[in-house]
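Below is one structure, written out as structure tokens; the observations come after it.
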Amino acid sequence: MALALALAEQGLTTATPNPRVGCIIVRGGETVGKGWHRRAGEPHAEALALAAAGEAARGATAYVTLEPCSHFGRTPPCADALIAAGVARVVAAMEDPNPQVAGRGLARLRAAGLAVDCGLLAGEAHELNIGFVSRMARQRPWLRLKAAATLDGKTALENGVSQWITAAAARADGHLWRARACAVLTGIGTVKADDPRLTVRDIPCERQPLRILIDPRLEAAPAARIFQDAPALIVTADAEQARIRRFTGLGHRVLSLPGADGRVDLPALLRELAALELNEIHVEAGARLNGALLAAGCVDELLLYTAPMIVGNAARGMFDLPPLDALDAATRFTFRSCQQIGGDLRVVARLSPPDNAPAGQTIRQDRAIRRSF
């Protein structure tokens, strides 16, 4: 199963909106077939592994990182393919959270007389597809907020200069995390200040994430670099059709989600992004949007790069939030990992569920699968 998970990771940047899945078929102690799902519309991991195994699949055991599907989507059901190939046993890491499957694939295999086990390395499989699980279980993507800061928690000098707080190795590592995301999201303040492209660069990448701009009053210039090369999604609180047409006429999509005080309704945005089949959202924004996302309960995970420098109290922080009267009111996170990247430190922290959270309301926090980033 560990080998199947390693295969599944090869789809880390390409499989979206589908889950990342790997499959290994073993007979007589030898691997006779293996496969991993590359992208939507192409064969699933089980189909590729069965094709590689041929007749050797009869009587074999299939190790698959996610419950085999039982419905017709872009491809036929994998459960039926395993049955037709004569596989004797299926070991799945976890059930598929997709309501169209949700145990039906395993039930179909058992009804056909196959031996079925589920739960082997479930934590690792869950982590590998945490965005897909989030979209299926909570109807919202997994939102990961990235920031680069100094030891005293500052992301830019008082005059706005921020390039570069972290060194090249940390910046390249950040592009790896961009590459695995379905979309990269920022705010109008960042576009005005830095004019970023928000593309994946300097690393191999077959698929560029969708770029999303939160621009409540449609202030962005259509010539901004975030709009170059591919259509972007602009989220606004403005419904003025003339301003909207400035962007839709160039091929971009504009989504109007007005909230309070002329701002964008951020929880509604997450629901809309789930409807667009986006699993993981990677945020690179300024303190104002970072604070708004945190205050609205939209942040699931922090990806923080810390540089060994101090710039003083007047510099800009990571989160623009109102003052607290008590530490008990602070938003709390759980550290997931801490690793030195070049001369900088990368910390991954996950939002801690409230003590009184009802069962099923949070994505469980299993240990992360070990990978190169």
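Note that these values count all heavy atoms, side chains included, but never hydrogens, waters or copies made by symmetry. Note that the coordinates shown come from a computational prediction; the quantities given were computed from them, not determined experimentally.
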Sidechain N-carboxylate O distance under 4.0 Å for [X], [Y]:
X: R135; Y: E280; result: no
X: R89; Y: D117; result: yes
X: D238; Y: R217; result: no
X: E67; Y: R104; result: no
X: R144; Y: D300; result: no

Distance, nearest 0.5 Å, that separates [atom1] of [X] from [atom2] of [Y]:
X: L255; Y: D265; atom1: CG; atom2: CG; value: 10.5 Å
X: H44; Y: C78; atom1: NE2; atom2: SG; value: 5.5 Å
X: T155; Y: N290; atom1: OG1; atom2: CG; value: 8.0 Å
X: D152; Y: N313; atom1: CG; atom2: CG; value: 8.5 Å
X: R243; Y: E219; atom1: CZ; atom2: CD; value: 9.5 Å
X: L198; Y: R178; atom1: CG; atom2: CZ; value: 5.0 Å

Exercise. Step by step, would you call L218 with E240 a side-chain contact (heavy atoms from CB on, under 4.5 Å)?
Worked result: CA-CA 9 Å; L218 289 178; E240 171 55 49; 6.0 Å; no
Tell me whether [X] shares a hydrophobic cluster with [Y], the cluster being built from Ile, Leu, Val, Met, Phe, Trp, Tyr side chains joined at under 4.5 Å.
X: L50; Y: V90; result: yes
X: L266; Y: L213; result: no
X: L233; Y: V184; result: no
X: L257; Y: V283; result: yes
X: I226; Y: F247; result: yes

Problem set entry | A107: side-chain contact (heavy atoms from CB on, under 4.5 Å) partners, not counting sequence neighbours |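 With neighbours one apart ignored, the set is empty.
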Exercise. Is it the case that T236 and S256 place a side-chain donor and acceptor less than 3.5 Å from each other?
Worked result: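 Note: T236 and S256 side chains miss the donor-acceptor criterion.
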For this session: Using distance alone, with no hydrogens and no angle criterion, decide if T199 and R197 have a side-chain donor and acceptor under 3.5 Å apart.
Result: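 T199 vs R197: no donor-acceptor pair found between side chains.
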Might you confirm whether atom [atom1] of [X] has over 12 heavy atoms from other residues, nucleotides or ligands at distances under 6.0 Å?
X: R27; atom1: CZ; result: yes
X: L324; atom1: CG; result: yes
X: K146; atom1: NZ; result: yes
X: R288; atom1: CZ; result: no
X: R246; atom1: CZ; result: yes

Any side-chain heavy atom of [X] sitting closer than 4.5 Å to one from [Y]?
X: V133; Y: M94; result: yes
X: S134; Y: R140; result: yes
X: D215; Y: V235; result: no
X: L145; Y: F319; result: yes
X: R253; Y: P231; result: no
X: L3; Y: Y63; result: no
X: W142; Y: N279; result: no
X: L302; Y: F333; result: yes

Exercise. Taking the six-membered ring of W164, is NZ or CZ of R171 closer than 6.0 Å to its centre and within 45° of its axis?
Worked result: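 So R171 does make the cation-pi contact.
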Exercise. Between H126 and E124, does a side-chain hydrogen bond (donor to acceptor under 3.5 Å, both in side chains) hold up when you go through it step by step?
Worked result: CA-CA 5 Å; H126 180 276; E124 286 85 343; over 6 Å; no
Exercise. So which heavy atom on P17 is nearest to which on A40, and how close?
Worked result: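 Answer, listing the atom of P17 first, then A40: CD-CB, 4.0 Å.
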Problem set entry | Main-chain N/O of A4 paired with T65 side-chain donor or acceptor, under 3.5 Å |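 Judged by distance alone, no pair lies under 3.5 Å.
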